[in-house]
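What's counted below: heavy atoms across the whole structure, side chains too, no hydrogens, waters or symmetry copies.
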Amino acid sequence: MSELTHLDADGRARMVDVGGKPITRRVAIAEGRLDTTAEVVELVRSDSLKKADVLPTARIAGISGAKRTSELIPLCHIVPLDSVAIDFDFDEAAVTIRATATTTGRTGVEMEALTAVAVAGLTLHDMVKAVDPAASLGGIRLVEKRGGKRGVWRADADAGPHRPTDDPTERTAIVLVSSTRAAAGTATDTTGPVIADWLRARGYEVDDPRVVADADIADAVRAAVAEAPAIVLTTGGTGVSPTDRTPEATAAVIDHALPGVAEAIRAAGRAATPTAALSRALAGVAGRSVIVNLPGSRGGVADGLAVLDDLLPHLVDQVAGGDHARS
């Protein structure tokens with residue numbers, strides 16, 4: 001076992017000096033669950049408890065808890081959080097809590113993510129205790145962290161940063177479509193299926209495209225990255241309209257930007273459509289996933305996929321831990 005960093009040479013508690021560490025983007029994902037009854041789960045899902053707004057209240061509590069972690073855990077540093085997101089899912093008789101915390105700094109945000117889960121879970125317990133005093137909060141654990149000297153660490157595959165594995169997610173991909181009209185059913189998504197078919201033809205396992213409103217793209221991107229697929233391709237929401245938010249959603253999750261990829265796609269589009277220069281699309285690496293924004297038009301998607309045809313195999317291999325190609 002490695003030496004405990006929070007103890008000095010005499011065994012006394014200390015706050016670790018992180019002044020010499022590099023400033024990097026750091027992400028931590030934690031999860032936990034509130035075990036209860038199927039009836040309570042349904043009450044929470046339908047917001048039918050006497051204490052209303054159950055999930056929004058728990059979400060706000062979790063975010064507040066993350067922000068106050070240094071006050072609650074004695075030796076934690078005060079961390080300037082970039083973002084905290086709390087998501088809930090439902091099993092037959094349990095509510096799952098998942099927190100994602102990010103910062104750009106010298107130390108990680110594992111404790112902030114764990115605290116967010118704990119406080120959100122305790123708030124849920126408080127909200128349901130009148131109908132199920134036997135509800136049990138547990139299973140709180142760190143799922144993944146990114147940034148710092150270890151690169152990427154995952155609880156289900158502690159194999160070191162970017163080390164090649166036989167993980168089936170290495171051949172999976174997710175397609176996200178940002179279109180308010182398509183999500184509402186008033187327009188037909190014509191780009192998502194093209195991208196999905198393109199990926200399948202190259203050996204990736206892809207479900208049907210996930211179509212979301214422009215306002216929901218940030219949650220969709222975050223959820224997709226949390227699944228750790230090899231590739232996340234988005235389409236739409238990259239322009240200058242006030243509702244176009246895909247680049248912002250992407251910037252919030254990537255650890256490393258790939259400006260050359262985004263610029264190559266813009267250059268390919270400009271050859272046929274001068275307005276392609278207005279695209280704010282991004283590309284980057286988020287944990288073990290390559291994420292690339294494509295335009296929302298069929299022509300723009302075709303141009304972008306043509307660029308990716310040459311780049312993506314090598315890029316995915318590099319992120320998965322492959323060696324550089326020899327000249």
Side-chain angles (χ1 to χ4, degrees), residues 27-76 78-79 81-103 108-145 154-156 174 183 207 210 212-213 215-228 249 252-253 287:
V27 180
I29 303 172
E31 66 178 20
R33 57 187 284 135
L34 182 74
D35 289 298
T36 179
T37 67
E39 292 76 15
V40 170
V41 169
E42 184 54 36
L43 288 172
V44 172
R45 294 186 70 166
S46 61
D47 199 22
S48 299
L49 289 166
K50 289 184 178 180
K51 292 184 177 181
D53 299 327
V54 174
L55 296 182
T57 301
R59 180 175 289 110
I60 292 171
I63 293 171
S64 298
K67 293 166 68 175
R68 301 187 65 180
T69 299
S70 63
E71 300 175 33
L72 301 170
I73 311 297
L75 302 180
C76 278
I78 299 174
V79 177
L81 290 167
D82 294 335
S83 68
V84 180
I86 311 290
D87 298 300
F88 301 99
D89 203 354
F90 304 95
D91 293 334
E92 181 179 354
V95 181
T96 301
I97 309 135
R98 191 177 183 94
T100 303
T102 65
T103 187
V109 283
E110 298 95 319
M111 294 310 303
E112 284 71 15
L114 289 162
T115 301
V117 170
V119 174
L122 288 170
T123 303
L124 282 177
H125 198 296
D126 177 54
M127 304 287 269
V128 308
K129 68 177 188 279
V131 291
D132 183 17
S136 174
L137 175 65
I140 299 175
R141 65 177 188 132
L142 184 67
V143 175
E144 179 178 328
K145 64 176 181 176
R154 287 177 58 84
D156 57 359
I174 294 173
D207 291 333
R210 303 177 185 180
V212 299
D216 298 327
I217 188 62
D219 289 340
V221 168
R222 188 170 60 249
V225 169
E227 295 177 36
V253 300

Minimum heavy-atom distance between [X] and [Y], given as atom pair plus value:
X: Phe88; Y: Leu55; answer: CE1-O, 3.6 Å
X: Val117; Y: Gly32; answer: CG1-N, 3.5 Å
X: Val84; Y: Ala116; answer: CG1-CB, 4.4 Å
X: Leu142; Y: Leu114; answer: N-CD2, 3.7 Å
X: Ser70; Y: Cys76; answer: CB-O, 3.9 Å
X: Gly287; Y: Glu144; answer: CA-OE2, 4.4 Å

Taken in chain and number order and not counting sequence neighbours, the residues that satisfy side chain to side chain contact (heavy atoms under 4.5 Å, CB included) with Asp87 are Arg222
Got a sec, which residues hit side chain to side chain contact (heavy atoms under 4.5 Å, CB included) with Ala224, two or more places apart in sequence or on another chain?
Ile174, Leu176, Arg210, Val232
side-chain contact (heavy atoms from CB on, under 4.5 Å) partner of Val54, the single match among Leu43, Thr123, Leu49:
Leu49
Partners passing salt bridge (Lys or Arg N to Asp or Glu O under 4.0 Å) against Arg68 (at least two apart in sequence or in another chain):
Glu71
Pairing residues for Lys67 by the salt bridge (Lys or Arg N to Asp or Glu O under 4.0 Å) criterion, not counting sequence neighbours:
none
Using 0.5 Å steps for rounding, measure from the CG atom of Asp47 to the CE atom of Met127.
8.0 Å
CD1/Ile73 to OG1/Thr115 distance, rounded to the nearest 0.5 angstrom?
5.0 Å
Output yes when a side-chain donor or acceptor of [X] lies under 3.5 Å from a complementary backbone atom of [Y], and no otherwise.
X: Asp35; Y: Ala94; answer: no
X: Thr69; Y: Gly65; answer: yes
X: His125; Y: Ala135; answer: yes

Tell me, which pairs form a side chain to side chain donor-acceptor pair (under 3.5 Å) where one or both residues lie in residues 94-103, sequence neighbours left out?
Glu31-Arg98, Ser83-Thr102
Mind checking what makes side-chain hydrogen bond (donor to acceptor under 3.5 Å, both in side chains) contact with Asp82, not counting sequence neighbours?
Thr104
Between Arg33 and Asp91, is any pair of side-chain heavy atoms under 4.5 Å apart?
yes
Val40 versus Val44: any side-chain heavy-atom pair under 4.5 Å?
yes
If only side-chain N and O atoms count, and only distance matters, is there a donor-acceptor pair under 3.5 Å linking Thr36 with Asp132?
yes
